[in-house]
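Values below: all heavy atoms of this structure, side chains included; hydrogens, waters and symmetry mates excluded. All values derive from a computational prediction rather than experimental measurement. Order of listing sets the numbers, starting from 1, for every ligand and every atom in it.
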Amino acid sequence: MGKSSKDKRDAYYRLAKEQGWRARSAFKLLQLDEEFDLFADVTRVVDLCAAPGSWSQVLSRVLIKGEKFGRAAWQNREAKFRQQMLGVFGPVKEAPEEQVVEVDPSEDDLKPRKDVKIVSIDLQPISPLPGIITLRADITHPATVPLLLNALDPDYDATSKDQKAAHPVDLVISDGAPDVTGLHDLDIYVQSQLLFAALNLALCVLKPGGKFVAKIFRGKNVDVLYAQLKIFFEEVHVAKPRSSRASSVEAFIVCLNFQPPKGFSASLEEPLGVGYRLTDMMEERQNAISLEAPTILQNPETSAWDCAPEYTRRTDADGVTEVEFEDLRAPEKDDVRWIAPFIACGDLSAFDSDASYRLPPGHVSLDPVQPPTAPPYKRALEMRKLAGGAYGKTGTKS
Ligand code: SAM
């Protein structure tokens, strides 16, 4: 977390320290969960690019401690309120506003889940978190896959072909970001490589029906990426949490219901994003769509024509009925783009991450919850110190 005066006036930066999160990114995951109910029925999770560990903290508090945030918290409050009202007044439909009780999480509200397994990976060391296995590794390196599989299942046999059956994971999240160079195209390219590495790992461990959430930078060809993800997941959304600055190209893809294509198996020898495997799969998919005949069915009882959703039926003034394509995904053979639904998430009353908030009177700046363990700028700071500070021994700024 930064320490500039802009950071101090950033509400999420301050809130993170007040609430004990290691980074303000925690709010991004919480707001994504508010929208997509990410943690519903989830017990096995892999957190990629996890340092300093605020996303892992969220996982730990939701899954291991059993705290409720996001949608689950609203549902919980609602249920509790109804229960209280039922006892006192009998069934009620709507709560009178002044009687809505804010329920603080108490020990009774905590519902720890059983058989939770969380593995967090980063290039940087992650300070320990209760119940979480942390690994220091590069997610773009093939050796990280067996490391991860071993952490998920200590009995893992590297020679076994049937890897996925042994390591079903419900959710893979990745907040990976390279050190930004400021060269826009280069940053987007490096980010996309991290994303493919995360996707490859996800494909090796996700169970059918699983979810994948990852940070992306929205560049000009991002809709090709959405189309590629659609090969593996039934639903692909792009989401921008309110705590992610509107001025940043950052967004998150939220992929739900993992449905690997028939015969697909994740391969370390042929990772996606390298070579032509993904391009070939895209082509196969396009061909399959082109061959699909429009499904137009006549209802035998009403004689009405029912069309598949990709087609519309138009009847002109003379009563002549025509069936036409209307979907953006109409089978254009060379069209490899797909526009994913874009969702802004986080309650509208939540803080605006682009605004600078006035500091409350008597504000005391708290120390970060977890100072960086091995920041990339550590060496530069040491060198500057040795040289006698920013102005050095000569008195001019270095
Ligand atoms: N989600 C984290 C949290 O909530 O604390 C913040 C993640 S931070 C924005 C991005 C992380 O990506 C950095 O810690 C960086 O070390 C990590 N990273 C970048 N490239 C990586 C790679 N190839 N393998 C593993 N981690 C990587």
Worksheet entry | Nearest-0.5 Å distance, NZ of residue Lys111 to CD of residue Glu67 |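 Reported to 0.5 Å precision, the distance equals 12.5 Å.
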Fill in: Euclidean distance, Ser244 OG relative to Arg24 CZ, rounded to 0.5 Å
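These two atoms lie 8.0 Å from each other.
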Discussion item. Does only the side chain of Ala51 get under 4.0 Å from ligand 1, or the backbone, or both, or neither? Count heavy atoms.
Written reply: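 Within the 4.0 Å criterion, Ala51 contacts ligand 1 through backbone and side-chain atoms alike.
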Geometry only, no angles: is [X] polar-contacting ligand 1 at N/O separations under 3.5 Å?
{"X": "Lys215", "result": "no"}
{"X": "Gln124", "result": "no"}
{"X": "Gly53", "result": "yes"}
{"X": "Leu194", "result": "no"}
{"X": "Gly176", "result": "no"}
{"X": "Ser54", "result": "yes"}

Worksheet item: Measuring from the heavy atoms of Ala197, does anything fall under 4.0 Å of ligand 1?
Response: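 The answer is no: ligand 1 sits nowhere under 4.0 Å from a heavy atom of Ala197.
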Item to complete: Compute the minimum heavy-atom distance from Pro178 to ligand 1 and say whether it is under 4.0 Å.
Response: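 Not so, Pro178 does not reach ligand 1.
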Consider only side-chain N and O atoms of [X] and [Y], and report whether a donor and an acceptor are under 3.5 Å apart.
{"X": "Ser120", "Y": "Thr134", "value": "no"}
{"X": "Asp115", "Y": "Thr43", "value": "no"}
{"X": "Asp33", "Y": "Gln31", "value": "no"}

Worksheet item: Should we say atom CZ of Phe342 is surrounded by more than 12 heavy atoms from elsewhere, each under 6.0 Å from it?
Response: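 More than 12 within 6.0 Å, yes.
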Worksheet entry | Axial cation check for Trp55 ring with Arg22, 6.0 Å and 45° limits |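 Because its charged atom misses either the 6.0 Å distance or the 45° angle limit, Arg22 does not stack over Trp55.
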Considering the heavy atoms of [X], write down every atom of ligand 1 situated less than 4.0 Å from one of them.
{"X": "Asp138", "value": "22 (C), 23 (N), 24 (N)"}
{"X": "Ala137", "value": "24 (N), 25 (C)"}
{"X": "Ala50", "value": "2 (C), 3 (C), 5 (O)"}
{"X": "Ser25", "value": "4 (O)"}
{"X": "Ala177", "value": "10 (C), 12 (O), 19 (C)"}

Worksheet item: Would you say the ring centroid of Phe264 lies under 6.0 angstrom from that of Phe232?
Response: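 When the ring centroids of Phe264 and Phe232 are compared, they turn out to be within the sub-6.0 Å range.
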Worksheet entry | Best match, Asp179, Val190, Asp122, Ile173: closest heavy atom to atom 17 (C) of ligand 1 |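 Selected option, by shortest heavy-atom distance: Asp122.
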